[in-house]
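Notes follow once the structure below has been shown.
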Amino acid sequence: KSQSLVGQQAPEISLPDVNGKEIKLSSFKGRYVLVDFWASWCAPCRRENPNVVKTYNKFKDKNFTVFGVSLDEERNEWINAIQKDELNWTQVSDLKNWNSVVVPLYHFDGIPHNVLVDPNGTIIAEELRGTLLEAKLSEVLQ
């Protein structure tokens with residue numbers, strides 16, 4: 001089972017986006033950020049994506065964003081999934097599947113996996129799926 005990181009500083013993630021530009025998780029400091037670990041080949045992730053999209057659209061103007069971190073290997077499949085599922089937020093990946101640097105950093109062994117980071121960079125929740133995500137954001141984004 002994945003080890004809980006709630007209450008800890010979110011480990012830094014610095015990976016290339018779809019255009020190859022390095023993006024750091026810390027560049028979103030000052031906002032609530034859902035770090036969303038997923039992959040185009042992961043059916044449960046794809047099923048969860050509409051929930052994340054709905055929640056993102058509801059809260060994106062309230063100091064909230066999503067930082068998508070993919071365990072894809074095939075760049076084209078990754079980009080196609082982003083477009084198809086309308087994931088209109090920053091997406092990064094080192095395209096190394098389970099060998100990605102983020103896996104040991106965030107101690108997870110299955111996806112979808114996510115952590116919610118507060119404006120100070122502290123992880124305040126994890127595994128927010130379905131209605132749990134919207135409920136938690138409604139609570140913190142007063």
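We use all heavy atoms of the structure for the numbers below, so side chains are in, but hydrogens, waters and symmetry mates are not.
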Please lay out, stage by stage, how Val35 and Val117 fare under the test side chain to side chain contact (heavy atoms under 4.5 Å, CB included). CA-CA 7 Å; Val35 184; Val117 180; 3.9 Å; yes
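- No continuous path of hydrophobic side-chain contacts links Leu133 to Phe37 [ILVMFWY only; heavy atoms under 4.5 Å].
- Here the closest heavy-atom approach between residue Trp78 and residue Val92 is recorded as CZ2-C, 3.6 Å.
- Put simply, Leu15 and Ile82 are part of two different groups of oily side chains (I, L, V, M, F, W, Y) that touch within less than 4.5 Å, one to the next.
- Checked against side-chain hydrogen bond (donor to acceptor under 3.5 Å, both in side chains), Glu77 has no partners two or more places apart in sequence or in another chain.
- The shortest side-chain heavy-atom distance between Leu87 and Asn49 falls under the 4.5 Å cut-off.
- Environment of NZ in Lys60: crowded, with over 12 heavy atoms of neighbouring residues, nucleotides or ligands closer than 6.0 Å.
- Checked by atom type and distance alone, the side chain of Arg46 never pairs as donor or acceptor with a backbone atom of Trp41 at under 3.5 Å.
- Minimum heavy-atom separation, Leu105 to Glu12: CD1-O, 3.4 Å.
- Among residue pairs with one or both ends in residues 82-138, none qualify as disulfide bond (SG atoms under 2.5 Å apart); sequence neighbours excluded.
- Contact record, Ser4 with Glu126: OG-OE2, 2.7 Å, taken as the closest heavy-atom pair.
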Q: Evaluate the side chain to side chain contact (heavy atoms under 4.5 Å, CB included) criterion for residues Tyr106 and Val69: first the C-alpha distance (whole Å), next the side-chain angles of each, then the deciding distance (0.1 Å), finally the verdict.
A: CA-CA 11 Å; Tyr106 280 82; Val69 182; over 6 Å; no
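- Classified by interplanar angle (parallel below 30°, tilted 30° to 60°, perpendicular above 60°), the ring pair His113/Phe108 is parallel.
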*side chain to side chain contact (heavy atoms under 4.5 Å, CB included) between Phe59 and Leu34, worked out*: CA-CA 11 Å; Phe59 293 103; Leu34 183 76; over 6 Å; no
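- With rounding to the nearest 0.5 angstrom, the CZ atom of Arg75 is 7.5 Å from the CG atom of Leu95.
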Decide yes or no on side chain to side chain contact (heavy atoms under 4.5 Å, CB included) for Asp36 and Tyr56, but give the supporting numbers first. CA-CA 12 Å; Asp36 184 33; Tyr56 171 75; over 6 Å; no
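- One hydrophobic cluster, built from ILVMFWY side chains closer than 4.5 Å, cannot hold both Val6 and Leu141; they sit in different ones.
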Decide side-chain hydrogen bond (donor to acceptor under 3.5 Å, both in side chains) for Gln91 and Ser70; before the verdict, give the C-alpha distance in whole Å, the side-chain angles of both, and the deciding distance to 0.1 Å.
CA-CA 7 Å; Gln91 290 281 352; Ser70 165; over 6 Å; no
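- Atom CG of Leu71 sits about 8.0 Å away from atom SG of Cys45, to the nearest 0.5 Å.
- Taking CG of Asp17 as the reference point, atom CD1 of Ile23 lies at 4.5 Å (rounded to 0.5 Å).
- Cluster membership for Phe67 and Trp38, using ILVMFWY side-chain heavy atoms within less than 4.5 angstrom, is not shared.
- Side-chain contact, Thr122 with Gln9: a donor N or O sits under 3.5 Å from an acceptor N or O.
- From Glu73, atom CD reaches atom OG of Ser100 across 11.0 Å, with rounding to the nearest 0.5 Å.
- Residues Leu128 and Leu132 share a closest heavy-atom pair of CD2-O, 3.9 Å.
- Between Arg31 and Pro119 there is no side-chain heavy-atom pair separated by less than 4.5 Å.
- Classification of Glu127 and Arg129 as a salt-bridged pair holds, one side-chain N sitting under 4.0 Å from a carboxylate O.
- Taking CD1 from Ile13 and OG from Ser93, the interatomic distance works out to 11.0 Å, rounded to the nearest 0.5 Å.
- Val53 and Glu86 make their closest contact through CG2-O, 3.6 Å (heavy atoms, listed as atom of the first residue, atom of the second, distance).
- Taken from CD1 in Ile79 to CD in Glu74, the straight-line distance is 11.5 Å, to the nearest 0.5 Å.
- With sequence neighbours left out, Lys58 forms a side-chain hydrogen bond (donor to acceptor under 3.5 Å, both in side chains) with Glu134.
- The two residues Gly130 and Glu48 have their closest heavy-atom pair at N-OE2, 2.9 Å.
- Clustering ILVMFWY residues whenever any of their side-chain heavy atoms sit less than 4.5 angstrom apart, transitively, puts Leu137 in the very cluster that holds Trp89.
- Inter-residue side-chain proximity for Ile124 and Val140 is flagged as met; some heavy-atom pair is nearer than 4.5 Å.
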